Amino acid sequence: MTMTRRDVLKTSAVASIAIAGSSSPLSAVGAINDIQLIPHATHFGPFIAKVKDGKFVDVLPSPHDKNPSIMMKSMIDRVYTDSRVKYPCVRKSFLEGKNAPELRGKEPFVRVDWETALNLVAEKIKSTPKENIYNAAYGGWGHVGRLHNSNIVTGRFFNIVLGGAVGTDGEYSNGAAGRVNNDIIGDLEVYSQQTTHEQIIKNTKVYVMWGADLFKCNRIDYVVPNHVNDLYYPKYKEARIKFINIDPYYNETAEMFDAEWIKIRPNTDVALALGMMHYLYTTGKYDKEFVEKYTDGFDKFLPYLLGESDGIPKDVAWASKITEVEESKIKELCDLFVSQSTFIAGNWAMQRAQHGEQADWALINLACMIGQIGTPGGGVGFSMHYAGGGQANSGYRTTPGLSQGRSRVEFSIPASRVSECILNPGKSINFKGKIITFPEIKMIYCCGATLLGHHPNTNELIRAIRSVDTVVVHEPWWTPMAKMADVVFPSTCTMERDDITSGSTYSRNVIYAMKKVVEPTYEHRDDFAIFAELAKKIGGEEKYHQYTGGLSYMDWIKKFYASSDGPIFKEFDKFWEDGFVEFEGGDYEYVRHADFRSDPETNRLATQSGKIQFFVDKFEEAKLPDMKGHVTWFEPSEYLGSKEAKQYPFHMLSPHPRYRVHSQLDNTWVRDVYKIQGREPVVINTNDAQKLGIKHGEVVEVYNSRGAVLAGAFVTDKIREGVVQIQEGAWYDPENTNDKTPRCNAGACNVLTSSRPTSRWAQATAVNTCLVNIRKLGKDEIVKPYKSTLTPEIIGA
Ligand SMILES: Nc1nc2c(c(=O)[nH]1)N[C@H]1C(S)=C(S)[C@@H](COP(=O)(O)OP(=O)(O)OC[C@H]3O[C@@H](n4cnc5c(=O)[nH]c(N)nc54)[C@H](O)[C@@H]3O)O[C@H]1N2
Ligand SMILES: Nc1nc2c(c(=O)[nH]1)N[C@H]1C(S)=C(S)[C@@H](COP(=O)(O)OP(=O)(O)OC[C@H]3O[C@@H](n4cnc5c(=O)[nH]c(N)nc54)[C@H](O)[C@@H]3O)O[C@H]1N2
Ligand SMILES: [Mo]
């Protein structure tokens, strides 16, 4: 029997409220003594805004959000916080024509009018060759609108008006896996449709969360989350699936499923997988038929596994020493995996570490030896923790967005190399088997991403930012990146404009009207409108027209609605009135790689052999010291097994935040739910805290050779000894901007992380390879309070 999405929802008691009857917000906003219910949608969920007398006063749950997040209640604060950028602002020296780039982030801003700010930026763009402008828009995490997508409107501007700009190559999310998985298994895997929850519930007996935090990471979505996964998880429990959590941290999901905890040393997963493969091979317990029929290059991998090529057998004893997982446990897990229907859910954090290229590869090859890839309850998936992974896909392509065209600037900076590139123009490095040479960056343009939040090694990055001629930032809020700019344009936030989007990433079964909730509060303008004005100033009416496409916002929204490829479920006006259209459909019995398993000839994978690779010629041919033809254990430069651990005895992980999307919402009230004395928590093991004399709730200093931060100690048994965790995204706040490497008062983890790349192959970010030490503050050390909503000094405001 096939269970449909409706069936799942029907069996779950979920509060839903009708939104029919909400009147057209555009005409009604601002009306006196009137309450409107206005639908909108975000990365945190869809919601219905209650607006009274033109003011956004409450957030009501949407029927499409099956488990609304507490983050939703921050939406009101997002609009009205004191930390909004209210007017165009220019850094004082920059406005006076002195520039003094070294004063970025140190001196006051001056409030200017829109014309002054736009003219200043237009002139700078005109006088800077496109090859020297870095468009630091990245990822598209600003908000979910398909029309106003901050990164797309930026790319479109540079591409249409200048013919392009320098961009970012690869991503922070899957920078390493994204550069190798295609050659290993013919697909990125990390963004692919996953085996459905229905199949897991029916067939899986052992579910290995290999670093995958299903619950936390599914709190948000790249588009709009529906939190339907939260309705399936109780059914996982009812199905009595055995959960195993291979993670230095016993996360919320592990707790929810009473998972067995394998407290692996961070960054050593490849060694664990190799040890398992060695055991399966030498005991003959591996699936020989699967390896023979569905994989290629096993013979070239074996000499390494057995130690014939380097004298080191990757046996269980070897793996146990590196991972600190007991030998008997490694064997027991192997025996369990091959005897039961076992599903391995991989994460992305372990490939965001040095030699991250090896992480997914090791899990894929291990899954090949277990032999269950393509079976209903077994195999391996890399997106169960992301954007509703496991839900059936409606099969429809929903709401395409604005197109940005193509940049004719060939060069893009590999995501981990931004600071290095800016600080070393003309330097050459290896990248994906080739040599690339850094251009000179004279201008940084940042809209819809926060370089100063997401990029590792903040002190190095600030040196880079202070070395260029011009920094322009579009922001609704005074983020650390905005504070570091020369010109800041005050952007509207998503709730101040109309847009359209869809949800969720994997189910693709709803299109949302994102209606304007309130009028812009101060002098905010839409990024789209700002770029249209700049296009006119630089390229006249022609470029303005090309940029806007000659259409109004509503024309664009209607166009996107009409080009969704499903049947027209509702006329546009009805859709806009209701705020959504939902459709049923999809394959609830989908099993990843089932086609390949049933007929590997017809359904060849897009790899060199058409099968899963144990050996990739291309990697071997690159002749790099840190990338071989087969999966390899490379010792990280800093981890608990290295010499540096004497000086910096804690491995710091910086996972994604439970109550934010990256840095977003750090200036809203939800911070009070989890911050410690206003600062980001540093999670530390009880025994470690005891040794350092640190108590739960006190402010401590976390430091290494790259920098220092103040964070609030969160003491728990749920983190492995020797490991600490600070979630990414706290708003950087230097205590004394005149220090060379100022201590951060907010606990921003990237002050401590290294910008070292994963390897010469992918050149991806390796933030999870990071050692630190922790210091209890002395009795007389007084730290100043921290407030994320502080704005810089603004002359004339
Ligand atoms: N240490 C460490 N660092 C990491 C990671 C990690 O695991 N550890 N993860 C990395 C990963 S995977 C990612 S994806 C990146 C994320 O890095 P980013 O994508 O840079 O993260 P966000 O904080 O979501 O940045 C979005 C910005 O857009 C702004 N914004 C929102 N709406 C609008 C709008 O309408 N207009 C404009 N102009 N701006 C808007 C927000 O205020 C915010 O500053 O971080 C990376 N950094
Ligand atoms: N709530 C929320 N959800 C999000 C995001 C967000 O900002 N907030 N961001 C989204 C984005 S852009 C991305 S890229 C994804 C990120 O998805 P992931 O990268 O998978 O998520 P993380 O939270 O960084 O890490 C998940 C788990 O990996 C563990 N881990 C870290 N290092 C190791 C290791 O060496 N070995 C093992 N075995 N485990 C390790 C951590 O302890 C943590 O429990 O999340 C998405 N989901
Ligand atoms: Mo990401």
Side-chain angles (χ1 to χ4, degrees), residues 43-44 69 71 78 136-143 145 148-151 153-154 171-175 190 209-213 215-222 225 245-254 262 264-269 272 346-353 359 382 385-387 415 446-456 473-477 479-482 489-494 496-497 526-527 530 639 651-667 719-720 723 725-729 731 748-750 752-753 765 767-770:
H43 286 304
F44 314 95
S69 155
M71 290 182 275
R78 273 205 124 180
Y138 151 81
W141 280 103
H143 58 89
H148 291 280
N149 181 307
S150 315
N151 293 177
V153 294
T154 314
E171 20 150 67
Y172 289 81
S173 310
N174 283 294
V190 292
M209 298 189 291
W210 204 312
D213 192 339
F215 181 71
K216 180 199 72 185
C217 287
N218 274 311
R219 293 280 78 207
I220 61 101
D221 195 305
Y222 187 65
N245 179 50
I246 305 182
D247 193 313
Y249 180 55
Y250 197 72
N251 58 44
E252 234 175 315
T253 318
I262 309 296
I264 192 167
R265 251 185 180 173
N267 290 193
T268 66
D269 303 86
L272 179 60
N347 74 350
W348 302 347
M350 58 186 156
Q351 60 82 59
R352 220 176 294 114
F382 291 94
H385 64 289
Y386 184 64
C446 201
C447 175
T450 174
L451 194 54
L452 196 52
H454 67 235
H455 199 67
V473 171
H474 294 217
E475 262 292 345
W477 303 280
T479 60
M481 187 64 211
F489 288 130
S491 306
T492 50
C493 72
T494 172
E496 294 161 332
R497 57 195 182 224
D526 307 328
D527 298 312
I530 299 169
Y639 81 120
H651 194 123
M652 183 189 84
L653 297 174
S654 49
H656 285 231
R658 167 70 167 83
Y659 297 105
R660 293 190 297 264
V661 164
H662 313 300
S663 74
Q664 298 190 66
L665 305 189
D666 206 36
N667 56 335
I719 195 154
R720 183 193 197 281
V723 179
Q725 172 194 296
I726 302 183
Q727 300 192 338
E728 53 107 359
W731 285 20
C749 64
N750 278 326
L752 303 165
T753 56
T765 39
V767 282
N768 282 326
T769 298
C770 176

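Atoms within a ligand are numbered from 1 in the order they appear, just like the ligands themselves. Everything quoted here is computed from the prediction, not taken from an experiment.
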Undergrad: Report the C-alpha separation of E728 and R660 in whole Å, then their side-chain angles, then the decisive distance to 0.1 Å, and conclude whether the salt bridge (Lys or Arg N to Asp or Glu O under 4.0 Å) test is met.
TA: CA-CA 9 Å; E728 53 107 359; R660 293 190 297 264; over 6 Å; no

Undergrad: Distance under 4.0 Å to a non-hydrogen atom of N251: what atoms of ligand 2 satisfy this?
TA: 44 (O)

Undergrad: Out of H662, H454, H656, which one pairs with W141 under the ring-ring contact (aromatic ring centres under 6.0 Å, His included) rule?
TA: H662

Undergrad: Indicate yes or no: at least one non-hydrogen side-chain atom of P476 is less than 4.5 angstrom from one of T492.
TA: no

Undergrad: Would you mind running through ligand 2 and noting each atom that sits below 4.0 Å from a heavy atom of Y249?
TA: 42 (O)

Undergrad: Quick one: which ligand 2 atoms are inside 4.0 Å of a heavy atom on P266?
TA: 35 (O)

Undergrad: Using a 3.5 Å cut-off on N/O to N/O, what pairs does ligand 1 make with the protein? A line per pair would be great.
TA:
{"from": "ligand 1", "atom 1": "1 (N)", "to": "S654", "atom 2": "OG", "distance (Å)": "2.9"}
{"from": "ligand 1", "atom 1": "1 (N)", "to": "N750", "atom 2": "OD1", "distance (Å)": "2.7"}
{"from": "ligand 1", "atom 1": "3 (N)", "to": "N750", "atom 2": "ND2", "distance (Å)": "3.2"}
{"from": "ligand 1", "atom 1": "7 (O)", "to": "R352", "atom 2": "NH1", "distance (Å)": "2.9"}
{"from": "ligand 1", "atom 1": "7 (O)", "to": "S654", "atom 2": "O", "distance (Å)": "3.2"}
{"from": "ligand 1", "atom 1": "7 (O)", "to": "H656", "atom 2": "NE2", "distance (Å)": "3.1"}
{"from": "ligand 1", "atom 1": "8 (N)", "to": "S654", "atom 2": "O", "distance (Å)": "3.1"}
{"from": "ligand 1", "atom 1": "8 (N)", "to": "S654", "atom 2": "OG", "distance (Å)": "3.1"}
{"from": "ligand 1", "atom 1": "9 (N)", "to": "H656", "atom 2": "NE2", "distance (Å)": "3.2"}
{"from": "ligand 1", "atom 1": "17 (O)", "to": "H454", "atom 2": "ND1", "distance (Å)": "3.2"}
{"from": "ligand 1", "atom 1": "20 (O)", "to": "T450", "atom 2": "N", "distance (Å)": "2.8"}
{"from": "ligand 1", "atom 1": "20 (O)", "to": "H454", "atom 2": "ND1", "distance (Å)": "2.6"}
{"from": "ligand 1", "atom 1": "23 (O)", "to": "S663", "atom 2": "N", "distance (Å)": "3.0"}
{"from": "ligand 1", "atom 1": "23 (O)", "to": "S663", "atom 2": "OG", "distance (Å)": "2.5"}
{"from": "ligand 1", "atom 1": "24 (O)", "to": "Q664", "atom 2": "NE2", "distance (Å)": "2.8"}
{"from": "ligand 1", "atom 1": "32 (N)", "to": "G142", "atom 2": "O", "distance (Å)": "3.3"}
{"from": "ligand 1", "atom 1": "35 (O)", "to": "R497", "atom 2": "NH1", "distance (Å)": "3.3"}
{"from": "ligand 1", "atom 1": "35 (O)", "to": "R497", "atom 2": "NH2", "distance (Å)": "2.8"}
{"from": "ligand 1", "atom 1": "36 (N)", "to": "S150", "atom 2": "OG", "distance (Å)": "3.4"}
{"from": "ligand 1", "atom 1": "36 (N)", "to": "D527", "atom 2": "OD2", "distance (Å)": "2.7"}
{"from": "ligand 1", "atom 1": "38 (N)", "to": "H474", "atom 2": "O", "distance (Å)": "3.1"}
{"from": "ligand 1", "atom 1": "38 (N)", "to": "S491", "atom 2": "OG", "distance (Å)": "3.4"}
{"from": "ligand 1", "atom 1": "38 (N)", "to": "D527", "atom 2": "OD1", "distance (Å)": "3.3"}
{"from": "ligand 1", "atom 1": "38 (N)", "to": "D527", "atom 2": "OD2", "distance (Å)": "3.2"}
{"from": "ligand 1", "atom 1": "42 (O)", "to": "E475", "atom 2": "OE1", "distance (Å)": "2.9"}
{"from": "ligand 1", "atom 1": "42 (O)", "to": "E475", "atom 2": "OE2", "distance (Å)": "3.2"}
{"from": "ligand 1", "atom 1": "44 (O)", "to": "E475", "atom 2": "OE2", "distance (Å)": "2.5"}
{"from": "ligand 1", "atom 1": "47 (N)", "to": "H454", "atom 2": "O", "distance (Å)": "2.9"}

Undergrad: Do any N/O atoms on D247 end up under 3.5 angstrom from N/O atoms on ligand 2?
TA: yes

Undergrad: Quick one: do the D269 and W210 side chains pair a donor with an acceptor below 3.5 Å?
TA: yes

Undergrad: Should C217 be counted as touching ligand 2, given the test is an N or O pair under 3.5 Å?
TA: yes

Undergrad: Geometry only, no angles: is N347 polar-contacting ligand 2 at N/O separations under 3.5 Å?
TA: yes

Undergrad: For N267, counting its heavy atoms only, list the atoms of ligand 2 lying under 4.0 Å from any of them.
TA: 34 (C), 35 (O)

Undergrad: Show the atoms of ligand 2 that are less than 4.0 angstrom away from any heavy atom in D269.
TA: 34 (C), 35 (O), 36 (N), 37 (C), 38 (N)

Undergrad: What do you reckon, are the aromatic ring centroids of H143 and H148 less than 6.0 Å apart?
TA: no

Undergrad: Check for a donor-acceptor pair, side chain of W477 on one end and backbone N or O of R78 on the other, with a separation under 3.5 Å.
TA: yes

Undergrad: Among D527, V473, N151, exactly one meets side-chain contact (heavy atoms from CB on, under 4.5 Å) together with C447. Which residue is that?
TA: D527

Undergrad: Kindly assign one of parallel, tilted or perpendicular to the pair Y172 and H455, based on the angle between their ring planes and the thresholds 30° and 60°.
TA: perpendicular

Undergrad: Might you work through the side chain to side chain donor-acceptor pair (under 3.5 Å) test for T765 and R352, ending with a clear yes or no?
TA: CA-CA 6 Å; T765 39; R352 220 176 294 114; 5.3 Å; no

Undergrad: Can you classify the ring geometry of W348 versus H385 as parallel (below 30°), tilted (30 to 60°) or perpendicular (above 60°)?
TA: perpendicular

Undergrad: With heavy-atom distances below 4.0 Å as the criterion, list the atoms of ligand 2 near P248.
TA: 37 (C), 39 (N), 40 (C)

